[in-house]
Amino acid sequence: MRVLIVEDDELLAAGLMRVLEHSGYAVDRASNGEQADHALTVDHFDLVVLDIGLPGMDGFSVLKRLRSRGESCPVMILTARDDVADKVRGLDSGADDYLVKPFVLNEFEARLRALIRRSSLVNSSQLGCGDLMLDTVARRAWVRHNELMLTAREWAVLEYLLLRQGQVLSKEKILQAVCNWDESISPNAIEVYMSRLRVKLESAGVNIRTIRGFGYLLEASEGVPQTEH
Ligand code: CA
């Protein structure tokens, strides 16, 4: 999942990015309203964390412009004070949730997960296929009763595939979903993640098929002929 953090406070932005990257999200940051507005116009994000008090164009304007383009991605606003008027105005402008500064990073993470769960992308906190189960809230994965250890990047790729199981996904699409602006990962790296995931998912009843010339497809392997294309 790709997340845009719009925050002018360097320290806070770095903290938020660290938390999200650790959880396997692809995170980018904008430090003012214009930059955020531009990023949201040219790129797709699954989630936006938006500070209201920004230099230049403020968070309310960024949010209004986003919604006026028909974008429905979930937005969490950050407000500086426990100001009821700000909260109401934010929710009226199309925010899905708000967090009042200062907050602890654990709360931020929990609220963000709840927001993702409520959004249309993930209707349940649990994603499954075959004998594999991912708990997107606890960020833990199991094959039957055995916990599966995944790196943050492996997690991101697997979550993306599971959310779109049965669909053929190109390497470029997968890369876009799991990398931020600063990462120059070649599409070939995706092949490496796929082969690592295949090893880890050997007894999970899950098949990651290579569709030559197109990309990858994840499906349950029970009753499905194991033919490589
Ligand atoms: Ca600010």
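Heavy atoms only: backbone and side chains are in, while hydrogens, waters and symmetry mates are out. Whatever order the structure lists them in is the order used to number ligands and atoms, beginning at 1.
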Student: Would you mind counting protein N, O or S atoms that sit less than 3.0 Å from the Ca ion (ligand 1)?
Tutor: 3
Student: With Arg2 as reference, evaluate Val27, Asp43, Leu47 under the side-chain contact (heavy atoms from CB on, under 4.5 Å) test and give the passing residue.
Tutor: Asp43
Student: Go through the steps for Leu50 and Leu66 under the test side-chain contact (heavy atoms from CB on, under 4.5 Å), then give the verdict.
Tutor: CA-CA 11 Å; Leu50 178 63; Leu66 175 76; over 6 Å; no
Student: In the hydrophobic clustering that connects Ile, Leu, Val, Met, Phe, Trp and Tyr at side-chain heavy-atom distances below 4.5 Å, which members other than Val192 occupy its cluster, ordered by chain and number?
Tutor: none
Student: What side-chain donor-acceptor pairs closer than 3.5 Å can you find for residues 102-111, not counting sequence neighbours?
Tutor:
residue, atom, partner, partner atom, Å
Glu107, OE2, Arg111, NH1, 3.1
Glu109, OE2, Ser23, OG, 2.8
Glu109, OE2, Arg113, NH2, 2.9
Arg111, NE, Asp97, OD2, 3.1
Arg111, NH2, Asp97, OD1, 3.2
Arg111, NH2, Tyr98, O, 2.3

Student: Check residues 146-157 and write down every donor-acceptor pair under 3.5 Å in which the side-chain atom is one partner and the other belongs to a residue at least two apart or another chain.
Tutor:
residue, atom, partner, partner atom, Å
Glu147, OE1, Arg140, NE, 3.4
Glu147, OE1, Arg140, NH2, 2.8
Glu147, OE2, Arg140, NE, 2.9
Thr151, OG1, Glu154, N, 3.1
Arg153, NH1, Tyr193, OH, 3.4
Arg153, NH2, Glu183, OE1, 3.3
Arg153, NH2, Glu183, OE2, 2.3
Glu154, OE1, Thr151, N, 3.1
Glu154, OE1, Lys200, NZ, 2.7

Student: Hey, is Glu71 close enough to Arg65 for a salt bridge, meaning N to O under 4.0 Å?
Tutor: no
